[in-house]
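The structure under discussion appears below in the form of structure tokens.
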Amino acid sequence: MEELSKELSKGYEPKEVEDKIYEFWQKTGYFNPDKLPKRCKKPYSIVIPPPNVTGNLHMGHALNATIQDILIRWKRLNGYKTLWLPGMDHAGIAAQNVVEKKLRKQGLSRFDLGREKMIEKIWEWKGEYGDIILNQLKKIGSSCDWSRTRFTLDDEYAKAVKIAFARYYKKGWIYQGERIVNWCPRCQTSLSDLEIEHKEEKGHLWYIKYPLLGKFKKFIVVATTRPETMLGDTGVAVNPKDKRYENLIGKKVVLPLVNREIPIVADRLIDKEFGTGAVKITPAHDLNDYEIGLRHNLGSISIINERAKLTEKVPIPYQGLSVKDAREKVIKDLEKLGLLEKIEDYTHQVPKCYRCNRTIELILSKQWFLKMDKLAGLAIRSIKNKNTRFQPKRWEKPYFDWLKNVRDWCISRQIWWGHRLPIWQCQNKDKQFLSLEKPKKCEVCGKCKPEQISDVLDTWFSSALWPFAALGWPEKTKDLREFYPTNVLSTARDIINLWVARMIFSGDEFIKKEPFKDIYIHATVLTRDGKRMSKSLGTGINPMGLIERYGADATRFGIIWQVTENQDLRFVEDNIVMGKKFCNKIWNASRFVMMQVGKQKLEIKKPKIDAKNLTLADKRILKKLDKTIKDIDANLEKFQFGKAAQTLYDFFWHDFCDKYIEVAKKQDTKETKNTLLYVLLSCLKLLHPFVPFVTEEIYQKLPIKNKEKSLMIEKWSE
RNA sequence: GGGCGCGUAGCUCAGUUGGUAGAGCGCUUCGUUUACACCGAAGAUGUCUCGGGUUCGAGUCCUGACGCGCCCACCA
């Protein structure tokens with residue numbers, strides 16, 4: 001007892017254990033599937049959803065890391081050749097924004113630096129801060145194979161991106177076109193629909209009188225939330241079935257302030273019930289209007305530029321005004337002319353940039369697109385055929401809904417940090433061509449020195465290749481053969497379409513196989529009162545703080561305890577406290593068992609349940625243990641992490657500690673000692689995926705002869 | 001406008017195919033017995049949001065209502 005207590009302190013002290021154990025694990029090499037014992041043959045793989053370089057671990061990451069680590073450790077203990085491949089995403093706009101912000105403090109913009117200098121700066125920044133989140137993943141105990149860490153902007157990865165682009169290009173699925181795109185005036189780039197967030201804003205609905213051509217004091221009244229765009233109107237539209245306007249269709253109005261004659265057209269898209277039933281049409285700055293404009297040959301006039309200022313296409317007094325100023329002036333001027341009928345309060349959804357929260361402008365712009373019809377079909381088929389399954393299944397629906405209505409994907413961005421499109425511009429003719437490397441001569445004119453176009457690809461274009469590019473594609477690597485398709489993707493619901501759908505069709509397209517068998521969509525972590533955790537609201541909880549106060553195991557256990565199939569998870573710290581107590585309980589129960597058994601090392605054998613010299617209590621605990629193992633396996637198989645944790649907790653605390661240990665105190669037999677040690681060891685294995693540190697620490701101290709080097713590679717149920 | 005999830009003990013949540021309501025934290029009482037007070041034993045606490053229906057029987061199935069939250073959407 002004296003000696004033991006020197007070795008095992010009275011309470012579990014995570015701080016003295018965790019870093020030491022993590023280092024030990026890394027030394028064993030067992031995070032690397034190639035270094036696992038030979039008996040581990042069957043591959044089991046997970047690729048991490050690569051966190052952004054700009055990232056810091058938040059509760060969502062902590063939850064997801066725990067989930068993935070539980071799966072990996074569980075399968076590793078079951079003798080699988082496990083690979084959990086880590087990495088980071090270069091996070092185009094997000095990363096560039098971070099560095100831009102730093103520059104701004106020095107009064108500089110990225111344009112002051114120029115492209116090359118700016119990219120250099122971002123790499124520098126990445127070198128300095130880029131590993132933070134990976135280190136945080138280590139802190140929480142993630143057993144990733146760090147030797148395989150990938151970054152979505154490293155050279156091999158860039159090759160994969162170029163090859164993928166070229167394949168699409170050669171199929172004719174990539175095209176350039178002038179379309180209405182979402183434009184962020186701050187980030188100075190186009191954005192895909194999925195990169196927009198709609199926020200409710202209180203605005204107004206302005207009713208404006210458009211005078212009918214040649215009819216004195218007769219008007220058609222249109223309602224709009226954006227009066228300033230009237231300067232770019234090329235028509236007015238009404239519903240063809242609208243009796244009120246029947247005789248006006250085909251007539252013309254004189255656009256106020258501009259004095260342009262524009263037609264009244266009939267289009268089925270117009271809702272008779274809304275506003276006045278008559279709509280001003282601004283094809284260059286609204287998607288619906290664009291379509292209507294095309295149908296009726298209205299033409300388009302771009303009146304808002306990339307900086308959200310009015311262009312020279314508007315009357316001189318408005319040129320150069322910001323959208324906001326233009327709105328005020330237009331209203332004032334209309335009022336003066338007596339053309340403003342009324343103003344109503346109106347709340348509506350305003351599109352915002354998901355990276356900087358600036359209001360998005362819709363503008364006409366030349367961009368690159370990836371055709372989605374075929375690819376969306378592939379993605380739908382993969383789930384329909386059950387080659388890949390959503391867990392829980394209900395997430396299929398938003399996935400299908402998006403894919404069925406998806407528009408072509410705008411893949412070009414006007415930022416600098418990212419994969420440049422492998423497209424080159426002839427200097428003599430207005431023509432471009434594809435070339436993966438810097439071309440020796442121009443493929444168009446044969447004479448000029450072509451220049452690579454400056455656009456980069458949407459970050460999600462490269463993320464879409466992650467499951468196979470991270471395994472070495474386009475090279476035919478051993479890893480790709482062995483670990484693709486991966487077994488599980490565990491991720492958050494907000495990137496089902498942004499990322500998951502795109503990985504599925506990419507995998508299908510390039511490898512002819514879906515990248516994962518199961519897609520586990522975990523709950524979103526909310527605050528105690530059901531609010532979103534966010535930095536700006538100050539409602540976030542830092543998992544690193546929890547680890548500091550309670551230890552990594554406690555944090556893992558406390559989070560996972562709450563994981564059910566629910567969409568949301570309201571985080572309560574009480575559960576982490578519970579986790580801490582539980583770790584302490586594990587520690588002390590182990591201490592007791594070791595005191596009972598003594599220092600002499602035993603050969604551990606699985607006791608036979610029907611052996612005669614076992615007492616009723618012995619038999620009972622062994623039986624319950626068997627059942628518990630089965631339950632845990634079944635729960636984890638179904639991704640029911642909370643239930644698994646609760647089952648384990650219950651067995652360990654109540655069956656093993658409260659009942660069996662108490663009885664064992666009065667049974668001083670060889671069989672009981674063996675059973676104590678056997679059940680404890682079994683529990684350590686079962687507990688290890690959930691609370692890896694404390695269990696490994698104890699394992700290392702167990703007085704048994706036939707021990708593995710690490711608990712990580714013990715045999716699950718022997 | 002469409003979709004999804006939730007409403008069970010003071011708080012956060014379980015509750016498998018319908019059969020007398022459970023856990024953790026908190027609370028009450030007792031307990032320093034060979035691990036653990038980060039403990040043990042015993043205990044209290046619920047019109048399962050509200051109507052209606054199916055059923056011998058509903059927290060569980062159906063159907064309305066109310067409340068909360070999330071996502072999608074080109075109603076100006």
Side-chain angles (χ1 to χ4, degrees), chain A residues 1 4-5 8-12 180 182 193-194 196-198 205-206 222-227 229-230 236-237 269-282 286-292 346 348-349 351 362 392 394-402 405 407 493-494 496-497 523-524 526-532 550 554 557-558 561-596 634-635 638 640 642-643 645-647 649-650 653-654 657-658 661-662 664-666 668 676:
Chain A
M1 170 77 197
L4 260 174
S5 59
L8 285 185
S9 61
K10 212 171 166 189
Y12 173 58
I180 296 232
N182 307 299
D193 293 339
L194 292 174
I196 306 295
E197 277 168 9
H198 289 269
L205 201 52
W206 283 275
V222 299
T224 179
T225 54
R226 298 202 54 189
T229 61
M230 69 170 289
V236 171
L269 223 60
I270 307 304
D271 178 1
K272 288 192 285 187
E273 308 303 319
F274 189 89
T276 61
V279 183
K280 57 189 273 317
I281 302 299
T282 323
D286 183 282
L287 215 60
N288 273 337
D289 294 7
Y290 183 72
E291 275 176 31
I292 293 173
Y346 187 70
H348 59 143
Q349 303 282 329
L362 294 171
R394 63 169 174 275
W395 296 109
E396 280 181 0
K397 195 168 166 38
Y399 173 87
F400 286 138
D401 287 350
W402 182 68
N405 302 306
R407 282 203 301 264
R493 63 167 181 255
D494 46 332
I496 287 177
N497 297 324
T524 301
L526 304 177
T527 64
R528 190 185 191 108
D529 358 88
K531 297 264 158 57
R532 244 198 130 69
Y550 305 106
F557 199 80
W561 178 270
Q562 288 194 76
V563 173
T564 64
E565 282 197 7
N566 270 347
Q567 281 189 168
D568 303 326
L569 179 166
R570 293 187 184 199
F571 176 78
V572 270
E573 203 162 310
D574 300 0
N575 285 311
I576 312 289
V577 175
M578 183 257 306
K580 185 171 187 289
K581 288 185 183 178
F582 186 46
C583 291
N584 197 245
K585 189 74 181 176
I586 298 169
W587 183 260
N588 277 295
S590 307
R591 224 161 61 100
F592 174 77
V593 170
M594 284 188 253
M595 280 188 226
Q596 282 287 300
N635 287 330
K638 287 185 281 186
Q640 295 183 334
K643 222 186 221 175
Q646 288 164 37
T647 305
Y649 180 95
D650 213 46
W653 201 305
H654 302 305
C657 295
D658 293 348
I661 286 187
E662 289 310 315
K665 285 176 181 172
K666 291 165 202 147
D668 192 20
L676 269 176

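Below, chain A is the first sequence line, B the second, and so on; all start at residue 1.
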* Asked: Has the side chain of A/K580 got a donor or acceptor atom sitting under 3.5 Å from an opposite partner on the base of B/rC38?
  -> yes
* Examine the base of B/rA14 for any acceptor or donor lying under 3.5 Å from a partner atom in the side chain of A/K643, and report the outcome as yes or no. => no
I want to verify a distance call: between [options], whose nearest atom is closest to the [X] side chain?
X: A/K581; options: B/rG26, B/rC13, B/rG5; answer: B/rG26
X: A/D658; options: B/rG40, B/rC70, B/rC36; answer: B/rG40
X: A/M578; options: B/rG24, B/rC36, B/rA76; answer: B/rG24
X: A/Q646; options: B/rA14, B/rC38, B/rU34; answer: B/rA14
X: A/N566; options: B/rC13, B/rC4, B/rA76; answer: B/rC13
X: A/F274; options: B/rG5, B/rC75, B/rC36; answer: B/rC75
X: A/I270; options: B/rA76, B/rC39, B/rG3; answer: B/rA76

Tell me which nucleotide, if any, is Watson-Crick or G-U wobble paired with [N] when both distances must be under 3.5 Å.
N: B/rU17; result: none
N: B/rC50; result: B/rG64
N: B/rG1; result: B/rC72
N: B/rA23; result: B/rU12
N: B/rU34; result: none

Using atom [atom1] of each nucleotide, how far apart are [N] and [M] to the nearest Å?
N: B/rU28; M: B/rA9; atom1: C1'; answer: 15 Å
N: B/rU34; M: B/rU12; atom1: C1'; answer: 37 Å
N: B/rC70; M: B/rC62; atom1: P; answer: 26 Å
N: B/rG7; M: B/rC30; atom1: C1'; answer: 38 Å
N: B/rG59; M: B/rG69; atom1: P; answer: 28 Å
N: B/rG5; M: B/rG43; atom1: C1'; answer: 36 Å
N: B/rC61; M: B/rC48; atom1: P; answer: 16 Å
N: B/rU32; M: B/rC25; atom1: P; answer: 22 Å

Taking every non-hydrogen atom, the tightest pair across [X] and [Y]:
X: A/G579; Y: A/A554; result: C-CB, 3.7 Å
X: A/I270; Y: A/G277; result: CG2-O, 3.4 Å
X: A/I576; Y: A/G558; result: CD1-CA, 3.9 Å

Strictly distance-based, threshold 3.5 Å: is any side-chain N or O of [X] a donor or acceptor partner for the main-chain N or O of [Y]?
X: A/N588; Y: A/N584; value: yes
X: A/Q646; Y: A/W561; value: yes
X: A/R493; Y: A/Q567; value: yes

Rounding to an integer number of Å, can you tell me how far [X] [atom1] sits from [N] [atom2]?
X: A/Y290; N: B/rC75; atom1: OH; atom2: C1'; result: 21 Å
X: A/E662; N: B/rA41; atom1: CD; atom2: P; result: 8 Å
X: A/N635; N: B/rU16; atom1: CG; atom2: P; result: 13 Å
X: A/D494; N: B/rG69; atom1: CG; atom2: P; result: 19 Å
X: A/Y12; N: B/rC36; atom1: OH; atom2: C1'; result: 15 Å
X: A/L269; N: B/rA73; atom1: CG; atom2: P; result: 16 Å
X: A/D568; N: B/rU12; atom1: CG; atom2: C1'; result: 13 Å
X: A/N575; N: B/rC13; atom1: CG; atom2: C1'; result: 8 Å

* To do: Any chance you could measure A/Q640, atom CD, to A/E565, atom CD, to the nearest 0.5 Å?
  => 5.5 Å
Counting only side-chain nitrogens and oxygens, does [X] get under 4.0 Å of the OP1 or OP2 atom of [N]?
X: A/Y399; N: B/rC72; value: no
X: A/T564; N: B/rA14; value: yes
X: A/H654; N: B/rG24; value: yes
X: A/K585; N: B/rG40; value: yes
X: A/R528; N: B/rU12; value: no

* Asked: What class does the angle between the rings of A/F582 and A/Y649 fall in, given that below 30° is parallel, 30 to 60° is tilted and above 60° is perpendicular?
  -> tilted
* For the pair A/Y12 and A/W587, name the ring-plane relationship: parallel under 30°, tilted 30 to 60°, perpendicular over 60°. => tilted
Sugar-phosphate only, base, or nothing, as touched by [X] at under 4.0 Å among non-hydrogen atoms:
X: A/W561; answer: sugar-phosphate
X: A/R493; answer: sugar-phosphate
X: A/Y346; answer: sugar-phosphate
X: A/E273; answer: nothing
X: A/F582; answer: nothing

* To do: Could you pick out which residue, A/Q562 or A/A223, lies toward the 5' side of RNA chain B when each is mapped onto its nearest nucleotide?
  => A/Q562
* Structure fact -> Note: for A/V593 and A/C583 on RNA chain B, the residue whose nearest nucleotide lies more 5' is A/V593
